[in-house]
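Counting begins at 1 with the first residue of the sequence. Just follow the structure's listing: the first ligand is 1, and inside any ligand the first atom is 1.
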Amino acid sequence: MQYQGGTAPSTATGQASLSLIDGRTGQSYSLSIQEGAIRAAELRNIKVSEDDFGLMSYDPAFANTAACRSAITYIDGDRSVLDYRGYPIEQIAEHATHLEVACLLLKGELPAAAQLQQFIAEVTAAGAPPDGVRKLFEAMNPLVHPMAMLMAGLAALGGEFPKSAQVENPEQRWSDILRLLAYTPILAGWAYRRRLGLPFVEPDPALSYAGNILRMLKGEAGKPYRPDPKLERALDVLLILHADHEQNCSTSTVRGVGSSRVDPYSAVAAGVAALYGPLHGGANQAVLEMLEEVGSVANVAAFVQSCKDGHRRLMGFGHRVYKSYDPRAAIITRLAEQVFEVTGQNPKIRIARELEKIALNDPYFIKRKLYPNVDFYSGCIYEAMGFDVKMFTVFFALGRMCGWLAHWDEMIRDPEQKIARPRQIYTGPARRDYVRLEQR
Ligand code: ACO
């Protein structure tokens, strides 16, 4: 984490070192400290004998392991700081558009007006997914979860564009990045409308990125669609808030899968799979289901007690990195008010606010530093906008796509990166002889 704000994360190496004595041998070692980290590979020099493998670090769930150096997003979870390429999320969410943020994440700098226009034109020019993928959606069971449809659609795209296997070629990478930015909202629209048995709606190049998402979900095929400007902006802000979050579960999945040099469509399909889970992006759906189950403000205290008793988790609360308020949740709380001015208040918001109030004042949550995360209120907004709860995580994926792609591209360009391959501590039986079936 290291960087405390102000300038881009430093690439300079310090002279610091860590001295340690191996209690098993009495041997002393000096490990270099660079950017607040020791190099885990240097631990391998610490051995009890010549043929010893060397020391490893054991870190389940990578809770304290930096697997890459990245210049994309900075988080300080203790101070509620989230910066994209050095820009505070609060400023970005107030002033930028989603495609501007995508350009920032992918290229490293805010685009000038002409550069942004060109980027938007390039995304638009990428067109629509091939017919084969459309047929796949038409053939899918309408009851299938839209995240499963999205995953299948993205994986199928990799097969449709075999040149995407040329991941070392920067021009090829860029054209696949543009396609993924253009196609993912179309796949989301197909998933949504397939579930409802409605004809698919084509994008309108005159509309914004968020406006087109609303059109492809809520519009009518062949007819013009005018999104409500407040809802269009609210959706754009939600996409911005979800655009990147450094080495979270889905992004590290995209990096890990992409490190095998598979095509980016397959890598982001794996990212969608990771995001789908209820402890990650699936939490926004889980929050709404939880609010539904709580039912009324009167039941909140008993529900919070059941979370404290360990029977369940308060969904939308807690975060691996934020040990203070998630800055995105603070922005979403204000955004919800603006959306409710258009849609009318979502009755579940009263239950959510009561849950938040009780939890934030309860020693169980205070001691564990559990605060609302980005997903606590986003579902209430999507529901007020009239979307099926199963679509919520798809919206998350739509926002996160540019972050996944920025990390994938950074990983491919990073000469220090290799195929991801963690070590393990073997805990199984010692070697033994095979016992024939008839003798067992
Ligand atoms: N409700 C109740 N207790 C919780 C919650 C919660 N939501 N989250 C953590 N805790 C408790 C744990 O039981 C544990 O208590 P203990 O020390 O008595 O055993 C302690 O807090 C620490 O929890 P961990 O599971 O170790 O924290 P971790 O960093 O591994 O988990 C996570 C983070 C997965 C986000 C967790 O807080 C959680 O499950 N939250 C609910 C799901 C959710 O909202 N996920 C979305 C995350 S944001 C995102 O992905 C976009």
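Here Glu232 pairs with Ser208 under the side chain to side chain donor-acceptor pair (under 3.5 Å) rule; sequence neighbours left out. Taking the side chain to side chain donor-acceptor pair (under 3.5 Å) definition, one finds that Glu168 meets it with Arg261, sequence neighbours left out. Under the ring pair (Phe, Tyr, Trp, His ring centres under 6.0 Å) criterion, Phe395 pairs with Tyr382, Phe387, sequence neighbours left out.
For the 3.5 Å distance criterion, the side chains of His245 and Tyr322 qualify, holding a donor opposite an acceptor. Inspection of the Arg255 and His407 side chains reveals an N or O donor paired with an N or O acceptor under 3.5 Å. With hydrogens and angles left out, the side-chain atoms of Ser250 and Asn248 include a donor and acceptor closer than 3.5 Å.
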Considering only N or O atoms, set out every pair between ligand 1 and the protein closer than 3.5 Å, with distances to one decimal place.
residue: ligand 1; atom: 1 (N); partner: Leu314; partner atom: N; Å: 2.9
residue: ligand 1; atom: 3 (N); partner: Tyr364; partner atom: OH; Å: 3.0
residue: ligand 1; atom: 7 (N); partner: Leu314; partner atom: O; Å: 2.8
residue: ligand 1; atom: 7 (N); partner: Phe317; partner atom: O; Å: 2.9
residue: ligand 1; atom: 13 (O); partner: Arg313; partner atom: NH2; Å: 3.4
residue: ligand 1; atom: 15 (O); partner: Arg368; partner atom: NE; Å: 3.1
residue: ligand 1; atom: 18 (O); partner: Arg368; partner atom: NE; Å: 3.1
residue: ligand 1; atom: 18 (O); partner: Arg368; partner atom: NH2; Å: 2.9
residue: ligand 1; atom: 25 (O); partner: Arg313; partner atom: NH1; Å: 3.2
residue: ligand 1; atom: 25 (O); partner: Arg313; partner atom: NH2; Å: 3.0
residue: ligand 1; atom: 29 (O); partner: Arg320; partner atom: NE; Å: 2.8
residue: ligand 1; atom: 30 (O); partner: Arg320; partner atom: NH2; Å: 2.9
residue: ligand 1; atom: 39 (O); partner: Arg313; partner atom: NH1; Å: 2.8
residue: ligand 1; atom: 40 (N); partner: Phe317; partner atom: O; Å: 2.9
residue: ligand 1; atom: 44 (O); partner: Gly316; partner atom: N; Å: 2.8
residue: ligand 1; atom: 44 (O); partner: Asn373; partner atom: ND2; Å: 2.9
residue: ligand 1; atom: 45 (N); partner: Leu279; partner atom: O; Å: 2.9
residue: ligand 1; atom: 50 (O); partner: His280; partner atom: ND1; Å: 2.8

